[in-house]
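Here is the structure we will look at, set down as structure tokens.
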Protein chains: 2
Amino acid sequence: MTVTSVANNGSAYFPNEPKGPSVKTSTIPGPKGKAAIEEISQVHDIGAVKFPVDYEKSVGNYLVDADGNVLLDVYSQIATIPVGYNNPTLLEAAKSDEAAIAMMNRPALGNYPPKNWATMAQEGAIDFAPKGQKYVYYQMSGSDANEVAYKLAMLYRFNNLPRVNGDFTEEEKTTCMNNSSPGSPEVAVLSFRHGFHGRLFGSLSTTRSKPVHKIGMPAFHWPQAHFPALKYPLEKYTTENQAEEDRCIEEVEHILNTHHCPIAACIVEPIQSEGGDNHASNEFFHKLQATLKKHNVLFIVDEVQTGMGSTGAMWAHEHWNLPTPPDMVTFSKKFQAAGVYYHDKNLRPHAYQHFNTWMGDPLRAIQAKYIAKEIREKDLLQNVKTVGDFVYTSLEKLAEKHPGKINNIRGKGKGTFIAWDCESSAARDAFVGRMKMNGINIGGCGVAAIRLRPMLVFQQHHAEILLSKIDELI
Amino acid sequence: MTVTSVANNGSAYFPNEPKGPSVKTSTIPGPKGKAAIEEISQVHDIGAVKFPVDYEKSVGNYLVDADGNVLLDVYSQIATIPVGYNNPTLLEAAKSDEAAIAMMNRPALGNYPPKNWATMAQEGAIDFAPKGQKYVYYQMSGSDANEVAYKLAMLYRFNNLPRVNGDFTEEEKTTCMNNSSPGSPEVAVLSFRHGFHGRLFGSLSTTRSKPVHKIGMPAFHWPQAHFPALKYPLEKYTTENQAEEDRCIEEVEHILNTHHCPIAACIVEPIQSEGGDNHASNEFFHKLQATLKKHNVLFIVDEVQTGMGSTGAMWAHEHWNLPTPPDMVTFSKKFQAAGVYYHDKNLRPHAYQHFNTWMGDPLRAIQAKYIAKEIREKDLLQNVKTVGDFVYTSLEKLAEKHPGKINNIRGKGKGTFIAWDCESSAARDAFVGRMKMNGINIGGCGVAAIRLRPMLVFQQHHAEILLSKIDELI
């Protein structure tokens, strides 16, 4: 299997990919898939299974299911596959001594890092960090990463509280062991309505997308502000949208002035993904940053879903051109490793205040290095931009052709990170089902949205197949 | 490199291991280690670094540091390395097609499991599950695993609350989006003083070992009971110890009767590790289980550190011979994969109530399969028992020889999961430092304890080296 350089020259990234989707069974999952699910049920929960996959046979942008159905995948394992199934460069890297040693001698990184950990973290994170970010804390998942960002913000605040002789008080040390104040203070993280930041107990307290994520679980009494609900097309509603964004910033300001406990940080997605692919203008984020700075509240950008290239920039927030970098940027998904970027060494707390057994996974750092190398060497950001622009303008035409079916198209100039609203939740779900049975694995989000989350190796010829199926089945 | 069957026959598991430790530098880290730390500091926090390691050169029970010092490792990356550095069977498995495909095509397991996921989960978890456990939820780390166990217990409670037409109420759905009751109810997890269950926001609310873990962080108002503080030698203090354990059970009962909100679950380590290697009798755990059952509170056993063989049983709680299995058992560390075992399908909540992008990592499930195979084929549990008994009785002799230096020896009949108390915290830290400079990497826990956490391939000849160094340096 050889890989040809792509991006604009029209050659196929995966020469051995199927020419197109093919569906052989009358349902997906078909008989073999259903049998596999029944078996899985004997050992594991199957409540959310869509269909079992043959990962050995899947290649590039194409997913092969247990029944041999071949689907063009524009959902990519919930936006996590960066450069195609069974990417030959990655498979080769997986079998290297470097990877095997990292996998089978997994270190307690905080205590006993590999002697070349500086190089590994440099090549596996810092070399492609968002502009202005200098340091990294690795974690295990996006939820973990966000929680670590919250902890760093809270510890930064707490460690710098004025104290008589500098050290923590006996009362602080004693009360924290009982989960009570002042040692365990009430301190909050501000998030936005419809935001999604994970489902562990701290991250879940900032997640505000759907009741199914939150119902039945205790939560911290942390505040939420409205995220702008923009009207489309943007050109038509400039005045209304600016008023809406100003209203949201005023609400942030109001919360920061009035919340019942200190707010250590504010977290926001550049594009609210799970919550419906909601966008805001660059100006909104400029104003948000300025407001947070004024109140000494740290600014965390959650790039778990938007990072690693799918908006045509390595990091979605780079589109904003902020005057100074955000305090922290969290990552996971396509990165395969997860963690937190930061640029101020003062965010490092005292030894062991942030610590856990593994502190990340060098194996996944090695993987990230190869993914980033592939993005660079194959000029995949340019590919994403070009294909994304093509998809966006084609969708605009399809929207005209099918009135009322493709509404509020979002993601102009944001690579392939594109979404639109169907007429209703039911219409969206039915459309996703029809697409699947016609060989396109596509995902929804929010109430009635379709979100496109193809890989970075999604090319013009794949886009043409996708668009013709949308045209046919919308 | 060949592997010989071990356990009792005296042959070396790793024929190519060093004959013993060797330290060449006057400090650890030496000059090369210090230079590596300085480099790491440019990209990563170094607050907790002990010394950088050459993982390529480390073999079996021996860690090689950046300066070429060779240390016998009885701490094993905070108890996580199961069968030796650069275990040849594991290295071979790491380079298999199976592992490469799992690594580079990481699925969103909840939605798109591999078609053979039933077999993978069976061989990677169920085949060596604690007695009575039938199902698994994989997670990313021990902290995650505990939080998922809490969530499952809370959802089980919440989903089964009596409701007029069965479905959640509109009020529940609305209020949970604001983090408020009744949708986000106050509901607690009971844990024990000195317990350690992780450092994410939910797990941290049950962790009660040291202020450095907790200070400055908000916490849920969850209760803690005293864990028995047994007196040693156990034979001498049977009456006092039974009274102490009864007192703790009464406190549990009191908390369950009086806490200000419902308690969904209770979590306990079979041996409190981070908190000081605190043991309790089998009877204590029988009584605890009975008390929890009476109150319909789910019983979670945290086997993150104790599981996978180091007590001479695959799972430490199997020593208890409970009449019925615990409701959930959590695992991580030596398992490499992490997660929750359970045996009642009713603990599976509604679809998407427990869900996240990755839902575990098939690569680490494959690794667990090979680790378990190695344990079985090389009869490593028997090795752990035999060597553990030898270490325990030898320590008793050393305690007599060095009065006041080796106190409260713990872990009789619990394999190599052995600990003792030094005279003081300072004496413990100084001893750990002397051992390191003499080629033994050993760990502390609690206030003044030394905990032995060797790998499962720690044999008689390694134990003799360890014991002679203790004799020399205590």
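Numbers restart at 1 for each chain; the letters A, B, ... are given by sequence-line order, proteins then strands.
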Contact winner vs chain A - [options], heavy-atom pairs under 4.5 Å:
| options | answer |
| --- | --- |
| B/Ile81, B/Asn178, B/Ile215 | B/Ile215 |
| B/Met104, B/Lys134, B/Met140 | B/Met104 |
| B/Gly47, B/Ala264, B/Ala118 | B/Ala118 |

With a 4.5 angstrom heavy-atom cut-off, could you sort out which part of [X] is near chain B: side chain, backbone, both or neither?
| X | result |
| --- | --- |
| A/Phe158 | side chain |
| A/Glu172 | both |
| A/Ser96 | backbone |
| A/Thr80 | side chain |
| A/Lys210 | backbone |
| A/Leu363 | both |
| A/Lys151 | both |
| A/Tyr156 | neither |
| A/Ser209 | backbone |
| A/Gln336 | both |
| A/Ile126 | side chain |

Checklist entry - chain B: which of A/Pro185, A/Ala100, A/Ala121, A/Gly183 shares the most heavy-atom pairs with it under 4.5 Å? => result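 Among A/Pro185, A/Ala100, A/Ala121, A/Gly183, the one with the most close pairs to chain B is A/Pro185.
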Next on the checklist: Regarding A/Arg199 and B/Asp144, does a basic nitrogen lie under 4.0 Å from an acidic carboxylate oxygen?
Outcome noted: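 Salt bridge absent between A/Arg199 and B/Asp144.
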Item to check | Salt-bridge criterion met for A/Lys115 and B/Asp67 (N-O under 4.0 Å) | outcome: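 Salt bridge: no.
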Checking [X] against chain A: side chain, backbone, both or neither under 4.5 Å from a heavy atom?
| X | value |
| --- | --- |
| B/Ser205 | both |
| B/Asp65 | neither |
| B/Arg364 | side chain |
| B/Phe220 | both |
| B/Glu56 | both |

Checklist outcome for this item: Between A/Gly216 and B/Met154 the two heavy atoms that sit nearest each other are O-CB, 4.1 Å
Within a strict 4.5 Å, meaning less than it, do heavy atoms of the [X] and [Y] side chains meet?
| X | Y | answer |
| --- | --- | --- |
| A/Pro113 | B/Ile40 | yes |
| B/Leu155 | A/Met217 | yes |
| A/Arg348 | B/Ser41 | yes |

Checklist entry - Listed by chain and number, what are the ring pair (Phe, Tyr, Trp, His ring centres under 6.0 Å) partners of A/Tyr55, not counting sequence neighbours? => result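 Residues passing ring pair (Phe, Tyr, Trp, His ring centres under 6.0 Å) with A/Tyr55: none at all.
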Item to check | Partners passing ring pair (Phe, Tyr, Trp, His ring centres under 6.0 Å) against B/Tyr137 (at least two apart in sequence or in another chain) | outcome: A/His44, B/Tyr342, B/His354
Item to check | B/Asp45 side chain to A/Tyr135 side chain, donor-acceptor N/O pair below 3.5 angstrom | outcome: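 Not at all, the side chains of B/Asp45 and A/Tyr135 share no donor-acceptor pair under 3.5 Å.
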Item to check | Donor + acceptor pair across side chains of B/Ser184, A/Lys214 (<3.5 Å) | outcome: no
Checklist entry - Which class fits the ring pair B/Phe51 and A/Tyr112: parallel under 30°, tilted 30 to 60°, perpendicular over 60°? => result perpendicular
Checklist entry - How many angstroms lie between atom CD of B/Gln139 and atom OG of A/Ser141, to the nearest 0.5 angstrom? => result 8.0 Å
Next on the checklist: If we ignore hydrogens and angles and just use 3.5 Å, is the side chain of B/Asn105 paired with the main-chain N or O of A/Asn86 as donor and acceptor?
Outcome noted: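 Yes; judged by distance alone, with no hydrogens or angles, the pair exists.
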